[in-house]
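Reading through the structure tokens given below for one structure.
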2 protein chains.
Amino acid sequence: MTDKNVLSDFRPNDHNHEACIAAALEIASAVCRERELRLTPLRRRVLELVWQQHMPVGAYDLLDALRGDGRRADPPTVYRALDFLVENGFVHRIESLNAYVGCGEPEHAHNGQFLICGNCSRVAEMEDPAISKLIREKANALGFRISQQTIEVTGLCGECRERAQT
Amino acid sequence: MTDKNVLSDFRPNDHNHEACIAAALEIASAVCRERELRLTPLRRRVLELVWQQHMPVGAYDLLDALRGDGRRADPPTVYRALDFLVENGFVHRIESLNAYVGCGEPEHAHNGQFLICGNCSRVAEMEDPAISKLIREKANALGFRISQQTIEVTGLCGECRERAQT
DNA sequence: TTAAATTATGTTATATTGTATTATTACTGT
DNA sequence: ACAGTAATAATACAATATAACATAATTTAA
Ligand SMILES: [Zn+2]
Ligand SMILES: [Zn+2]
Ligand SMILES: [Zn+2]
Ligand SMILES: [Zn+2]
């Protein structure tokens, strides 16, 4: 968080996560108002569910959670909501996990660079322009015009790494 | 191909593709002999099928092709063969497509950086150390130890881009 | 060179993830 | 009230992947 290229670092287990959720919903609400997007109750609820942890959630976990609310829900329900949320940058899809994670800075469009801990499953999001630029340059050199970059890195977060050394 | 950081560039449609397939099988055969891996007929056939085009192939397309051979085949058959081929670097998995593409240089371990044309579906593979290094450095700065990098870029290859400008 | 252990494959069933399609409901402006 | 639009419901299905157990082939070791 000190580094401006880090959109969200690995969060300690004891932070005030209620505040994370509240902030995410608040920002989404404001962004939607500004862009005249409709953050319907369903979309808002799915966003809230995605934000339950700082790790990727599968579509069917969300589906179960929706059903837990008492409402009836089927796959298209959650996928449509996710489409909206991904499309508008409130949520990122992690391709290597077929799962979804909340984005803390949907105000400006970007596609993040993700660090995924194979031990605790937490995810950090970077947005390092140097990385994007280098990849773009290399691709351009081959005549390739980039429309989207998918950068997902797996390994061990600092906390899990220290614990593993023992 | 002139650039040593490009493991396989976009191939023109008229190249001698039989040679590509033959070379891939030959290399795989040699590598397996050297590493005492077992390139069984099934694995060899799946590798050959993956190499039918320079674009990612889905597991179930391979399954259909195996059945086309007259043999009986079920999902575990092809997934197990793919596991072997991916594990040992003969094939790369494209996470963003849930599909598989042959690797032309399995001799040395690496995880490639892929350019995927959204129009013609052809794939090029780079292995640019500068990109890997930069990502590794940024991750290290966050205390993260990388075990694998997934870099998949979508866009338009040179040929398709020119054609689209019209 | 058998016997045991290991590795690979066959087989059946099921789990997980994602879409297509059509119908219905709720909201927006006239 | 009405038409036009956006969102959701509901059903059905497609695509991708794994679990679990049985059999066959291969390697290793007595
Ligand atoms: Zn939190
Ligand atoms: Zn961790
Ligand atoms: Zn070829
Ligand atoms: Zn192309």
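Lettering of chains follows the sequences in order, A, B, ..., and the numbering in each one begins at 1. All values derive from a computational prediction rather than experimental measurement.
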Under 4.0 angstrom between B/R72 side-chain N/O and C/dG10 OP1 or OP2: no
Separation of C/dA20 C1' from A/D83 CG (nearest whole Å): 13 Å
Position toward the 5' end of DNA chain D (nearest nucleotide), A/F84 or A/D74: A/F84
Rounded distance (Å) that lies between atom P of C/dT11 and atom CG of B/L42: 13 Å
Value rounded to 0.5 Å, distance of OH in A/Y100 from CG in A/D61: 11.5 Å
Atom-pair distance (CZ on B/R93; C1' on D/dA15), nearest Å: 12 Å
Rounded interatomic separation in angstrom, taking CG from A/L39 and C1' from C/dC27: 16 Å
D/dT8 OP1/OP2 closer than 4.0 Å to side-chain N/O of A/R71: no
Protein-nucleotide distance (A/Y79, atom OH; D/dT16, atom C1'), rounded to Å: 11 Å
Touch class at under 4.0 angstrom, heavy-atom based, for B/Y100 against every strand present: sugar-phosphate
A/R67 and A/D74: CA distance, side-chain angles, deciding distance, salt bridge (Lys or Arg N to Asp or Glu O under 4.0 Å) verdict: CA-CA 9 Å; A/R67 286 170 174 157; A/D74 293 288; 3.8 Å; yes
Short side-chain N/O contact to D/dT8 OP1/OP2 from A/R43, under 4.0 Å: yes
Under-4.0 Å side-chain N/O to phosphate OP1/OP2 contact, B/N98 with D/dA17: yes
CZ on B/F144 to SG on A/C160, rounded to 0.5 Å: 9.5 Å
Closest-nucleotide 5' rank along DNA chain C - winner of A/R38 and A/P75: A/P75
Sugar-phosphate, base or nothing in reach of B/R80, heavy atoms under 4.0 Å: base
B/L42 side chain reached by B/R80 side chain, heavy atoms, under 4.5 Å: no
Among C/dT19, C/dA13, C/dA8, the one nearest B/P76 by side-chain distance: C/dA13
d(CG, A/L63; C1', D/dA10) in whole Å: 13 Å
Spacing between A/R35 atom CZ and D/dA6 atom P, to the nearest angstrom: 18 Å
C/dT9 OP1/OP2 closer than 4.0 Å to side-chain N/O of B/T40: yes
side-chain hydrogen bond (donor to acceptor under 3.5 Å, both in side chains) pairs, two or more places apart, involving residues 47-59 of chain B: B/H15-B/H54, B/H17-B/H54, B/R45-B/E48
Between D/dA15 (P) and B/L62 (CG): distance, integer Å: 15 Å
Candidate nucleotides C/dG10, C/dA13, D/dA9, ranked by approach to the side chain of B/T77 - the nearest: C/dG10
Base of C/dT16 and ring of A/Y60 stacked, centres under 5.5 Å, planes under 30°: no
